[in-house]
Protein chains: 4
Amino acid sequence: MAGVNKVILVGNLGKDPEVRHLESGSVVANLTLATTEAYKDRNGNRVENTEWHDLELWDGQAKVAEQYLRKGSQIFVEGKIKTDTWQDEQGNNRKRTKIRVLSFTMLGSKGGAENNSNSSGSNTMSQPNTGQQQPASMPSGSNMEEEDDLPF
Amino acid sequence: MAGVNKVILVGNLGKDPEVRHLESGSVVANLTLATTEAYKDRNGNRVENTEWHDLELWDGQAKVAEQYLRKGSQIFVEGKIKTDTWQDEQGNNRKRTKIRVLSFTMLGSKGGAENNSNSSGSNTMSQPNTGQQQPASMPSGSNMEEEDDLPF
Amino acid sequence: MAGVNKVILVGNLGKDPEVRHLESGSVVANLTLATTEAYKDRNGNRVENTEWHDLELWDGQAKVAEQYLRKGSQIFVEGKIKTDTWQDEQGNNRKRTKIRVLSFTMLGSKGGAENNSNSSGSNTMSQPNTGQQQPASMPSGSNMEEEDDLPF
Amino acid sequence: MAGVNKVILVGNLGKDPEVRHLESGSVVANLTLATTEAYKDRNGNRVENTEWHDLELWDGQAKVAEQYLRKGSQIFVEGKIKTDTWQDEQGNNRKRTKIRVLSFTMLGSKGGAENNSNSSGSNTMSQPNTGQQQPASMPSGSNMEEEDDLPF
DNA sequence: TTTT
DNA sequence: TTTT
């Protein structure tokens, strides 16, 4: 039976993306995203609760993340839940859940440079990202949506 | 910073709800939900991939789940991701992720019994649910939405 | 700036799909979907409120809708809001809002006919749909997701 | 039958909120939100398409919008679709669709003032909003979620 | 106009 | 462990 497995998150990255370029040519990026919820407890005091999510991006999206996202970046994410299961050395069943990102959008970025006269329309700029703290300016209007060829 | 942490699922229960009535008076229900995705591999063969989700419901919703849901029930779920972290006996950091359900809707239920002449409009029927395979017939139009007083 | 425009609906069709095969070869299906919400008014009486949505599907999805959906069908829909604006004969500004469907899933379909020995895995069955009340049985596990080549 | 009617938007306000304080004591805010989508046409040129949405907020949320939102503000919105229908003077059936907002979150706001030592936890600051271009600084972590007592 |  |  067909089902639906959808996750929508808005939050901030806890650290810079961790990107691996695989021998196969694939690229994987792992992000750590905090979503914070505020509420008042029964005494009326404001309390914050932060949930941390492990995100996984592949290929085109991983490259965009590598180039444009940094610790603290605020993003909107759409994806699905994936849980890996395995047995550890003691033979115990183990699980680990992550979010497979299907699309993401940068938020609040008035976009550093405004000269987005990028007639090719490409979101993937050509120069490599060398600096640690200087993400490239993302062309405005970028919604990284990937044709997902990895079904799981 | 305010965030968003939202999960939307449509799937079928893998088994009957497991419900605990706590001494505090609270009620917790744990459900296990399968969301199945079908796609074609590179050879054009149809492949199915099923993801299993651990759901947690509290109080009013837990009672409704106990009364109306059974193994195989198809439901729409809205909730949020919650990950518990702890250290195991070996001192290793461990995590476990579940979905805290905020609302759910039964789907496709042509309703076992048809005698829903429940003029009170109540969703909480009075007779206890004793049978294993005979869930009570849910009053029509029931969207179990809870005023969530447990912020996390 | 990149944005998000997402609609999620679960409801029932008010009538059979209306399908047009355009000269260009494109196919358009228009559906009318009811989403019903139940609540109690301040006197504790149960009240229902139904919202009607105009859905538009194109090409592959339109064909699937034509073949499998009928008045009363329950579906899960994901799409986006689109509002057309124009001037009427009196020169007044007019608007009309519809939902452009990006994917849909049939719900609760215990599947009329059970003979889904469709080893090709194809969702697009070849025989035309002639009967009014006899939608073809949908191959199981079908989540109609379209590579959307019509950006608006 | 229970249904689902959910809208999720991320965009920017086209103008300042329009707020009316009704004699009944209720407050209504109307917002105009742009969601922009970028894509490449068949010639590979980047094209932007903007959709405008009419949002309606009530009471507590309306007041927060009045105080903190301005033309250009970027927000995340969750709500539902509502279509009003009526007959015009010529007896024609008319419709108008808007989004009834159930919760919203300000995005990208590093928050003007940083001194949000607001121990009361209140999101509703007391001073009236007089300036046109100077929205009050929103206490961080504010997710305006309303207990919706207006079912439609 | 659907559904329960 | 579900469903088709």
Side-chain angles (χ1 to χ4, degrees), chain A residues 1-5 83 85 93, chain B residues 9-18 30-38 46-55 68-75 77 105-119 121 123 137-143, chain C residues 9-18 30-38 46-55 68-75 77 105-119 121 123 137-143, chain D residues 1-5 83 85 93:
Chain A
M1 186 54 201
V4 174
N5 173 359
T83 299
T85 59
N93 289 321
Chain B
L9 305 172
V10 174
N12 299 276
L13 297 193
K15 53 184 178 185
D16 288 354
E18 292 176 353
N30 289 282
L31 310 183
T32 194
L33 186 81
T35 59
T36 300
E37 175 179 31
R46 189 168 172 284
V47 187
E48 280 199 355
N49 184 44
T50 294
E51 200 70 28
W52 288 97
H53 309 270
D54 292 328
L55 312 186
Y68 297 110
L69 300 184
R70 289 295 173 274
K71 179 176 175 173
S73 295
Q74 188 186 33
I75 58 174
V77 168
T105 300
M106 291 190 69
L107 298 174
S109 64
K110 292 295 170 66
E114 311 286 23
N115 56 342
N116 285 325
S117 55
N118 190 331
S119 66
N123 289 328
S137 167
M138 169 119 66
S140 69
S142 306
N143 186 323
Chain C
L9 304 173
V10 172
N12 300 274
L13 297 193
K15 53 184 177 182
D16 288 355
E18 292 176 353
N30 289 282
L31 309 183
T32 194
L33 185 81
T35 58
T36 299
E37 174 180 30
R46 191 168 172 284
V47 187
E48 281 199 355
N49 185 46
T50 294
E51 200 70 28
W52 287 97
H53 309 270
D54 293 327
L55 312 186
Y68 297 111
L69 300 185
R70 288 297 173 274
K71 179 177 174 173
S73 296
Q74 188 186 33
I75 58 175
V77 167
T105 299
M106 291 190 70
L107 298 174
S109 65
K110 290 296 171 64
E114 311 286 23
N115 56 342
N116 286 325
S117 56
N118 190 330
S119 65
N123 290 326
S137 166
M138 169 117 68
S140 68
S142 305
N143 185 322
Chain D
M1 186 54 199
V4 174
N5 173 0
T83 299
T85 59
N93 289 321

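Letters A, B, ... mirror the listed sequences (proteins, then strands); counts begin at 1.
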To the nearest Å, give me how far apart [atom1] ([X]) and [atom2] ([N]) are.
X: B/Leu107; N: F/dT4; atom1: CG; atom2: P; result: 13 Å
X: B/Lys15; N: F/dT3; atom1: NZ; atom2: C1'; result: 17 Å
X: C/Leu55; N: E/dT2; atom1: CG; atom2: C1'; result: 12 Å
X: B/Arg46; N: F/dT4; atom1: CZ; atom2: P; result: 13 Å
X: B/Glu51; N: F/dT1; atom1: CD; atom2: P; result: 16 Å
X: B/Leu13; N: F/dT4; atom1: CG; atom2: P; result: 13 Å
X: B/Tyr68; N: E/dT4; atom1: OH; atom2: C1'; result: 13 Å
X: C/Asp54; N: E/dT2; atom1: CG; atom2: P; result: 15 Å

Item to complete: State whether the aromatic ring of B/Trp52 stacks on the base of F/dT1, taking stacking to mean ring centres under 5.5 Å apart and ring planes under 30° to each other.
Response: yes
Discussion item. Base, sugar-phosphate or nothing for B/Thr50? Non-hydrogen atoms, less than 4.0 Å.
Written reply: base
Worksheet item: Which is true for C/Gly11 with a 4.0 Å heavy-atom rule: it touches a base, it touches only sugar-phosphate, or it touches nothing?
Response: nothing
Worksheet item: Is there side-chain contact between B/Lys71 and B/Leu13, with at least one heavy-atom pair below 4.5 Å?
Response: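 A side-chain contact under 4.5 Å is absent here.
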Worksheet item: Just how far is it from atom OG1 of C/Thr32 to atom CG of C/Leu55, taken to the nearest 0.5 Å?
Response: 7.0 Å
Practice prompt. First locate atom CG of B/Leu33, then atom CD of B/Glu51, and finally report the distance between them rounded to the nearest 0.5 Å.
Written response: 11.0 Å
Side chain of [X] (C-beta onward), nearest among [options]:
X: B/Glu48; options: E/dT2, E/dT1, F/dT4; result: F/dT4
X: B/Asn12; options: F/dT2, E/dT1, E/dT2; result: F/dT2
X: B/Thr36; options: E/dT1, F/dT2, E/dT2; result: F/dT2

Item to complete: Report the residue from B/Asn49, B/Thr50, B/Asn12 that forms a side chain to side chain donor-acceptor pair (under 3.5 Å) with B/Thr36.
Response: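 For B/Thr36, the side chain to side chain donor-acceptor pair (under 3.5 Å) test succeeds with only one of B/Asn49, B/Thr50, B/Asn12, which is B/Thr50.
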Worksheet item: Which atom pair, heavy atoms only, marks the closest approach of C/Gly108 to B/Gln74?
Response: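 Smallest heavy-atom distance, with atoms named: N-OE1, 2.7 Å.
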